[in-house]
Amino acid sequence: MKTLKKIPDLIFLKLNSALIFMGLGMSFSSLQDTSKTQNTFSEKVWKNPKKGKIMIIILSFMILLFLIFGLTGYYFVNSGVFKELSIGLIITGLGMFGFLKSAIEMFENHRIDKNTDFNNGNN
């Protein structure tokens, strides 16, 4: 608390670092095997066509928001903590593109309506 009183911008600087590393970590999610799900919750989401589409729309909207807020802050704030925080938002938004790519692939691999035995001709 003493350090926070001396440097009130410390929270924002740490948040910026957290956003940068979170974006980096999410970009590595595109390296995962999309033919397998990690848990039963994600399996339920990606097997259901309606839930899968909703999840992809939510991820796309989140990416759009991160990029809009990040680019707006970067171009319209002259200097300070918010300019640095906007860099973290931009990197997080770009890192989420890898996550979105993996989500789309998982949705295509696990959908029940496209991947049933009946659709493949195996009655």
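Residue indices begin at 1 and follow the sequence shown.
Distance check: I63 CD1 to M26 CE gives 8.5 Å after rounding to the nearest 0.5 Å. Rounded to the nearest 0.5 angstrom, E105 CD and S35 OG are separated by 10.0 Å. Distance check: E84 CD to S17 OG gives 9.0 Å after rounding to the nearest 0.5 Å. Note that CD1 of I104 and CG of N109 are 12.0 Å apart. Values are rounded to the nearest 0.5 Å.
At a threshold of 4.5 Å between non-hydrogen side-chain atoms, the residues M55 and W46 count as touching. M96 has its side chain within reach of M62: a pair of non-hydrogen atoms, C-beta onward, lies under 4.5 Å apart. The shortest distance between side-chain heavy atoms of F97 and K101 does not fall below 4.5 Å.
Under the side chain to side chain donor-acceptor pair (under 3.5 Å) criterion, T40 pairs with no residue at all, not counting sequence neighbours. I20 meets the side-chain contact (heavy atoms from CB on, under 4.5 Å) test with N16, I91; sequence neighbours excluded. In this structure, the side chain to side chain donor-acceptor pair (under 3.5 Å) partners of Q32, at least two apart in sequence or on a different chain, are Q38. Annotation: side chain to side chain donor-acceptor pair (under 3.5 Å) contacts of K53 (sequence neighbours excluded): none.
Residues L19 and T92 approach most closely at O-OG1, 2.6 Å, considering heavy atoms.
Following chains of ILVMFWY side-chain contacts shorter than 4.5 Å, one can reach I87 starting from V77, so the two form part of one hydrophobic cluster. Linking ILVMFWY side-chain heavy atoms closer than 4.5 Å, directly or via other members, places V45 and I54 in a single hydrophobic cluster. A chain of hydrophobic side-chain contacts below 4.5 Å, direct or via other Ile, Leu, Val, Met, Phe, Trp or Tyr residues, connects M106 to I58. No continuous path of hydrophobic side-chain contacts links L31 to F107 [ILVMFWY only; heavy atoms under 4.5 Å]. Residues L65 and I90 share a hydrophobic cluster, clusters being chains of Ile/Leu/Val/Met/Phe/Trp/Tyr side chains in contact below 4.5 Å.
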Apply side-chain contact (heavy atoms from CB on, under 4.5 Å) to L94 and L67, showing your working. CA-CA 8 Å; L94 293 175; L67 290 177; 4.2 Å; yes
Using the rule given for side-chain contact (heavy atoms from CB on, under 4.5 Å), can you reason through N78 versus K83, listing the C-alpha separation, both sets of side-chain angles and the distance that settles it, and then say yes or no? CA-CA 7 Å; N78 292 332; K83 187 159 185 109; over 6 Å; no
One pair to check against side-chain contact (heavy atoms from CB on, under 4.5 Å): N48 and I112. What are the steps and the verdict? CA-CA 7 Å; N48 187 335; I112 288 180; over 6 Å; no
With side-chain contact (heavy atoms from CB on, under 4.5 Å) as the criterion, how do S60 and I57 come out once you've worked through the C-alpha distance, each side chain's angles and the decisive distance to 0.1 Å? CA-CA 5 Å; S60 301; I57 289 170; 5.7 Å; no
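Not one N or O on the side chain of S86 forms a donor-acceptor pair closer than 3.5 Å with the backbone of L71.
At most 12 heavy atoms of other shown residues, nucleotides or ligands fall within 6.0 angstrom of atom NZ in K44.
By the 4.5 Å side-chain criterion applied to Ile, Leu, Val, Met, Phe, Trp and Tyr, L64 is assigned to a cluster that also includes I68.
Screening residues 62-90 for ring pair (Phe, Tyr, Trp, His ring centres under 6.0 Å) gives F12-F82 as the qualifying pairs, with residues at least two apart or on separate chains.
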